[in-house]
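One structure below.
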Amino acid sequence: MPELPEVETVCRGLQGVLKGRRFAHVDVRRKDLRIPFPKGLAGALTGRQVARIYRRAKYVMMDLDDGQVLIVHLGMSGRMTISPQAVSPGKHDHVVFTTDEGTQITFNDPRRFGLMALAQQSELDAHKFFRHLGPDALSESFNAESLSASLKGRKTSIKVALMDQRIVVGVGNIYACESLYRAGISPKRKAGTVAGGRAQALVPVIKEVLRQAIKAGGSSLRDHVQPSGELGYFQDSWQVYGREGESCGTCKKKGLGHAVKRIVQGGRSTFYCARCQA
DNA sequence: CCTTGAACCTGCGGGC
DNA sequence: TGCCCGCAGGTTCAAG
């Protein structure tokens with residue numbers, strides 16, 4: 001469940017139960033994720049107080065009171081769920097945190113593409129997870145000028161470029177498709193041809209789509225997105241993603257027979273309307 | 001440097 | 001009902 005809006009939603013959901021709390025107990029039930037948990041993770045966290053929770057790129061960050069930071073990535077299928085008291089762990093519950101108030105926070109990840117790591121707060125800019133990243137999609141440093149500069153001369157498709165975290169951070173498959181649709185830009189267009197006027201139009205569309213998705217609590221595919229267990233509902237606003245064969249809103253309104261297409265780019269599905277996107 | 005494709009995992013839904 | 005196939009929100013690494 002993790003593009004920028006979903007990770008942001010998770011951070012906000014954890015805020016209420018974790019900020020200012022201590023980890024009374026940390027149970028690492030399985031550590032062989034694709035990137036294994038660091039040795040001594042439970043020991044390093046137990047007794048620590050969580051000073052701050054925030055998103056960096058698609059990572060959930062928890063500043064601890066000893067200068068370290070717990071870094072969590074949800075991979076493709078990761079979830080964080082909150083329970084007011086102890087519950088028996090389920091199949092893919094890999095880490096269970098218990099706070100000093102008795103709240104349980106469970107990290108669940110069936111596909112095990114997620115990860116946890118510890119780092120020094122002061123060394124994050126140079127950290128291997130972050131040093132190569134471009135500007136965050138919602139930051140002011142992501143703007144028409146910076147995007148144009150990154151796209152200039154690029155031969156890959158704009159869709160693949162938008163998912164490249166060196167160009168812009170936070171956009172994944174769903175929001176790349178949705179943003180391009182809303183901006184009327186074909187996902188097949190060479191990235192270089194988007195520099196300039198099209199980038200000018202595209203940047204605010206990306207920001208708006210992401211902001212709306214955050215407001216909706218993210219998109220829920222089959223999982224609960226919010227730690228509270230509530231479902232995000234931005235999937236109801238998808239115009240093209242997952243809608244192969246349907247007419248997009250504009251074509252439907254005009255009674256045109258065009259249908260949303262699915263193609264594969266960079267090994268990922270792209271959904272778009274060939275009539276509305278050029 | 002850029003670009004492409006495969007790899008890492010499990011689960012679910014569709015087609016037969 | 002059961003099996004097989006394709007597909008799923010991300011990132012990294014190797015090879016051309």
Side-chain angles (χ1 to χ4, degrees), chain A residues 1-11 29-37 55-60 71-80 90-94 107-117 127-134 136-137 149-179 188 190-192 195 206 209-210 213-214 216-227 231-238 240-245 261-271:
Chain A
M1 38 156 262
E3 294 181 43
L4 182 154
E6 291 74 34
V7 178
E8 186 67 38
T9 299
V10 168
C11 288
R29 307 185 63 249
R30 179 166 188 171
K31 56 181 70 174
D32 61 327
L33 305 216
R34 190 173 80 97
I35 298 183
F37 293 143
R55 177 186 65 78
R56 180 153 179 165
K58 296 176 189 169
Y59 296 80
V60 176
I71 304 171
V72 180
H73 197 289
L74 299 169
M76 291 279 258
S77 57
R79 290 190 279 170
M80 293 283 238
K91 190 168 180 193
H92 300 292
D93 292 346
H94 303 130
F107 172 78
N108 174 289
D109 182 11
R111 293 179 73 181
R112 291 190 274 128
F113 289 174
L115 66 86
M116 285 191 200
H127 194 279
K128 61 176 174 180
F129 291 164
F130 306 111
R131 62 183 171 220
H132 65 283
L133 296 179
D136 190 273
S150 305
L151 296 180
K152 207 158 198 176
R154 285 249 182 182
K155 291 196 191 159
T156 20
S157 65
I158 183 61
K159 159 70 177 348
V160 168
L162 284 185
M163 291 181 65
D164 185 337
Q165 305 297 298
R166 293 168 303 180
I167 293 180
V168 55
V169 156
V171 179
N173 203 28
I174 294 173
Y175 299 104
C177 292
E178 291 298 316
S179 298
K188 295 197 281 190
K190 298 252 175 276
I206 291 171
V209 168
L210 294 174
I214 291 171
S219 298
S220 306
L221 257 60
R222 27 195 107 58
D223 299 315
H224 293 258
V225 147
Q226 311 196 52
L231 290 171
Y233 55 86
F234 192 74
Q235 68 276 11
D236 299 339
S237 300
W238 291 348
V240 288
Y241 187 85
R243 293 185 173 277
E244 182 182 14
K261 284 192 191 171
R262 186 182 83 86
I263 58 175
V264 175
Q265 293 180 293
R268 317 295 299 275
S269 287
T270 298
F271 298 88

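Chain naming here is simple, since letters A, B, ... match the order of the sequence lines and numbering starts at 1 in each. For clarity, every value in this text was computed on a predicted model and none was experimentally measured.
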Side-chain heavy atoms of [X] within contact of [Y], under 4.5 Å:
| X | Y | answer |
| --- | --- | --- |
| A:R56 | A:F129 | no |
| A:F107 | A:L33 | yes |
| A:S219 | A:W238 | yes |
| A:I167 | A:R154 | yes |
| A:L4 | A:Y175 | no |

Please report the distance, rounded to the nearest Å, between [atom1] in [X] and [atom2] in [N].
| X | N | atom1 | atom2 | result |
| --- | --- | --- | --- | --- |
| A:I167 | B:dC2 | CD1 | C1' | 11 Å |
| A:K159 | B:dT3 | NZ | P | 16 Å |
| A:L74 | B:dC8 | CG | C1' | 17 Å |
| A:R262 | C:dG6 | CZ | P | 11 Å |
| A:E244 | C:dA8 | CD | C1' | 14 Å |
| A:D32 | B:dC9 | CG | C1' | 11 Å |
| A:Q265 | B:dG5 | CD | C1' | 14 Å |

- Query: Do the side chain of A:E3 and the main chain of A:G170 share a donor and acceptor less than 3.5 angstrom apart?
  - Reply: no
- Task: Keeping the roles fixed (side chain from A:R262, backbone from A:S269), state whether a donor-acceptor pair exists under 3.5 Å.
- Result: no
- Message: Rounding to an integer number of angstrom, what distance separates B:dC9 and C:dC3 when you compare their P atoms?
- Response: 24 Å
OP1, OP2 of [N] versus side-chain N and O of [X]: anything below 4.0 Å?
| X | N | value |
| --- | --- | --- |
| A:T156 | B:dT3 | yes |
| A:K91 | B:dG11 | yes |
| A:H92 | B:dC9 | no |
| A:S269 | C:dA8 | yes |

- Pick one: which of A:Q265, A:M163, A:K190 meets side-chain contact (heavy atoms from CB on, under 4.5 Å) with A:S157? A:Q265
- Message: Under a 3.5 Å cut-off for both contacts, is B:dT10 paired Watson-Crick or G-U wobble with anything, and if yes, with which nucleotide?
- Response: C:dA8
- Of C:dA8, B:dG11, B:dT3, the nucleotide closest to the side chain of A:R154 is B:dT3
- Message: Quick check: closest heavy atoms across A:L162 and A:V171, and the distance to 0.1 Å?
- Response: O-CB, 3.6 Å
Taking only nitrogen or oxygen atoms into account, show me every contact under 3.5 Å that the protein makes with nucleotides 14-16 of chain B, one pair per line with its distance.
none

- nucleotides 10-16 of chain C: protein proximity per nucleotide (B base, S sugar-phosphate only, - neither; heavy atom, under 4.0 Å): BBS----
- Message: Whether the A:N173 and A:K159 side chains hold a donor-acceptor pair (N or O, under 3.5 Å, no angle test) is what I'd like checked.
- Response: yes
- Task: Find which nucleotide of DNA chain B each of A:G267 and A:R30 is nearest to by heavy atoms, and output the residue with the more 5' nucleotide.
- Result: A:G267
